[in-house]
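Single-structure report; data block below.
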Number of protein chains: 2
Amino acid sequence: MSLDARIRADIEARIRSGEWRPGDRIPFEHELTATYGCSRATVSKALGALARAGFIERRRRAGSFVAHPPIHATVLDVPDLRAVVEARGEAYRWALIAQHRRDRADLADIGAIGPVLALTGLHRADDAPFGVEQRWIALGTAPEAAAQDFSTVAPGSWLLAHVPWSDARHRISAIGADADQAIALDLAPGEACLQLERWTWRSGALVTYVRQVFPGTRYDLVAEFKPFGA
Amino acid sequence: MSLDARIRADIEARIRSGEWRPGDRIPFEHELTATYGCSRATVSKALGALARAGFIERRRRAGSFVAHPPIHATVLDVPDLRAVVEARGEAYRWALIAQHRRDRADLADIGAIGPVLALTGLHRADDAPFGVEQRWIALGTAPEAAAQDFSTVAPGSWLLAHVPWSDARHRISAIGADADQAIALDLAPGEACLQLERWTWRSGALVTYVRQVFPGTRYDLVAEFKPFGA
DNA sequence: GAGTGGTCTAGACCACAAA
DNA sequence: TTGTGGTCTAGACCACTCC
């Protein structure tokens, strides 16, 4: 492993672990030069790669800082639905329908171990329901969630702001609305809906699993991209 | 614009334009050093960025070569359905249902200008239908398509292999199957389906627009990803 | 064996923004 | 004004790999 790759991995690990948090200033290039006993070009190459990957922001005369995670709403992001809806100029509302705690996860396929918080709720835009959500939060990985009141704050928004994550997986499929979903979303049973499942992990441990169901006519996912990762 | 960025943009433009094709060797670093009148480190920085972005592959002792576009099947790729199906160990078949040529695109929303080839067909895996496809190919952008026989070769497979592209956009939504789709896919009308629309451009000109409809129970899209683009 | 890319050094000048 | 990151140079050694 090259020296610049070691420096990069080292700093990336400190950011992922939370040792260096968003907004923190990381050491100046000349300090890292001394730390690693190398030239400034090597440090600069490592920091340049980290900046390109979005881990840090670099500002002349000020230094390099751990970046704040961005908020978008495309298929490869974890969207904050509140932000998405408000960006469209509509009023967002979250309503908690049910909440209970289980000391042992009884859903093997979601991959949670230990106590979980199970939540069901409804997302509204301008008072019209546009998504139902069932969510499980692994309290072993995110213990702060146990004390949080989710009656007015959507768990997705709260998690994005408070719990870091390192990996996620989406599964996108089409389903017919079941009876409960149809009532919540004001649809006919069996009407086509977009189902988005998302697993979110932190360092290999599941943070949360969520299943969101949106009416097919009121929601779609968009992805713009280029070939070869260009 | 920095010198290394100019070199990078210059080479990228030659690749996108097709002047340098996949497999071609691009000039050696020391030749580019002479061309641009700069040091090897600057050339190396530009080529390194192009390699990271997937435009070129670099091989010691051999040189740097224009990369071949990869084939994958996740939500941010243009999948070759034949490859996806065969990777699952199933037999793929394509059946052309209808084909006609229009001298003027009559679908303003797809963004095609000039003559288009309109195709409808069915994808099968192990003889079971799993997707219907409606496609428009802009003959102004991809004139070779006019002479191609799409009765046995799926247009998606052919286009991926023969027509380069520079940008794409997906829209993923859920719809109820209409009468024709229900018959083709062997479903009840109104049953939930996943609809994938894709626009593909080359240098700003539309190459093809396709709308694929899959039974919700037989197809889903998966995306795995990390925060900050890490 | 010869020549490529991969990496690193020590130094330099500059633009820019924060102090 | 000052010190940071941004960029570039000229040179070096190395590992790899194709001839």
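Hydrogens, waters and symmetry mates are skipped; everything else that's a heavy atom, side chains included, is used. What you are looking at is a predicted structure, and each value in this text was computed from that prediction instead of being measured.
A close approach under 4.0 Å does occur between a side-chain nitrogen or oxygen of A/Thr42 and OP1 or OP2 of C/dT9. Side-chain nitrogen and oxygen atoms of A/Lys45 include at least one within less than 4.0 Å of the OP1 or OP2 phosphate oxygen of C/dT7. Not one side-chain nitrogen or oxygen of A/Ser44 sits closer than 4.0 Å to the OP1 or OP2 atom of D/dG6. In this model, the phosphate group of C/dT4 is approached by a side-chain N or O of B/His30 to a distance below 4.0 Å at OP1 or OP2.
Taking atom CZ on A/Arg8 and atom C1' on C/dT7, their separation rounds to 12 Å, with Å as the unit. Rounded to an integer number of Å, the gap from CD1 of A/Ile7 to C1' of C/dC8 is 11 Å. Put simply, CD1 on B/Ile56 is 15 Å from P on C/dT4, counting in whole angstrom units. One atom, CG of A/Leu32, and another, C1' of D/dT4, lie 13 Å apart when rounded to the nearest Å. The distance between atom CZ of A/Arg58 and atom P of D/dT4, rounded to the nearest whole Å, is 12 Å. Put simply, CD on A/Glu57 is 14 Å from C1' on D/dG5, counting in whole angstrom units. Rounded to whole angstrom, the span from the CG atom of B/Leu50 across to the C1' atom of C/dG5 amounts to 14 Å. Look at CZ on A/Phe28: it is 17 Å from P on D/dT2, rounded to the nearest Å.
Ring geometry for B/Phe130 against B/Tyr92 counts as perpendicular: the plane angle is over 60°, on a 0 to 90° scale with 30° as the lower cut.
The cationic atom of A/Arg52 (NZ for Lys, CZ for Arg) does not lie both less than 6.0 Å from the six-membered ring centre of A/Phe55 and within 45° of the ring axis. Seen from the ring of B/Phe65, B/Arg59 counts as a face-on cation partner, given the 6.0 Å and 45° thresholds.
Applying the salt bridge (Lys or Arg N to Asp or Glu O under 4.0 Å) test to B/Glu29 and every residue at least two apart in sequence or in another chain returns B/Arg40, B/Arg58.
The pair A/Asp10-A/Arg14 meets the salt-bridge criterion, with a side-chain N (NZ, NE, NH1 or NH2) lying under 4.0 Å from an Asp/Glu carboxylate O. Taking 4.0 Å as the cut-off between side-chain N and carboxylate O, B/Asp4 and B/Arg8 count as a salt-bridged pair.
Counting any heavy atom pair closer than 4.0 Å across all strands shown, A/Leu47 reaches no nucleic acid atom.
B/Arg25 and B/Ser64 share no donor-acceptor pair across their side chains, judged by distance under 3.5 Å alone.
Of the candidate nucleotides D/dT9, C/dT7, D/dG5, D/dG5 has the atom lying nearest to any side-chain atom of A/Glu29.
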Can B/Leu32 and B/Ile11 be said to form a side chain to side chain contact (heavy atoms under 4.5 Å, CB included), step by step? CA-CA 10 Å; B/Leu32 293 169; B/Ile11 294 173; 4.2 Å; yes
One pair to check against side-chain hydrogen bond (donor to acceptor under 3.5 Å, both in side chains): A/Glu144 and A/His162. What are the steps and the verdict? CA-CA 9 Å; A/Glu144 320 90 301; A/His162 292 87; over 6 Å; no
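At its two ends the helix from C/dG1-D/dC18 to C/dA18-D/dT1 runs along axes set 10° apart, each axis drawn from five pairs and the angle rounded to 10°.
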Output a table of nitrogen or oxygen pairs between the protein and nucleotides 13-19 of chain C separated by less than 3.5 Å.
unit_1, atom_1, unit_2, atom_2, d
C/dA15, N3, A/Arg60, NE, 3.3

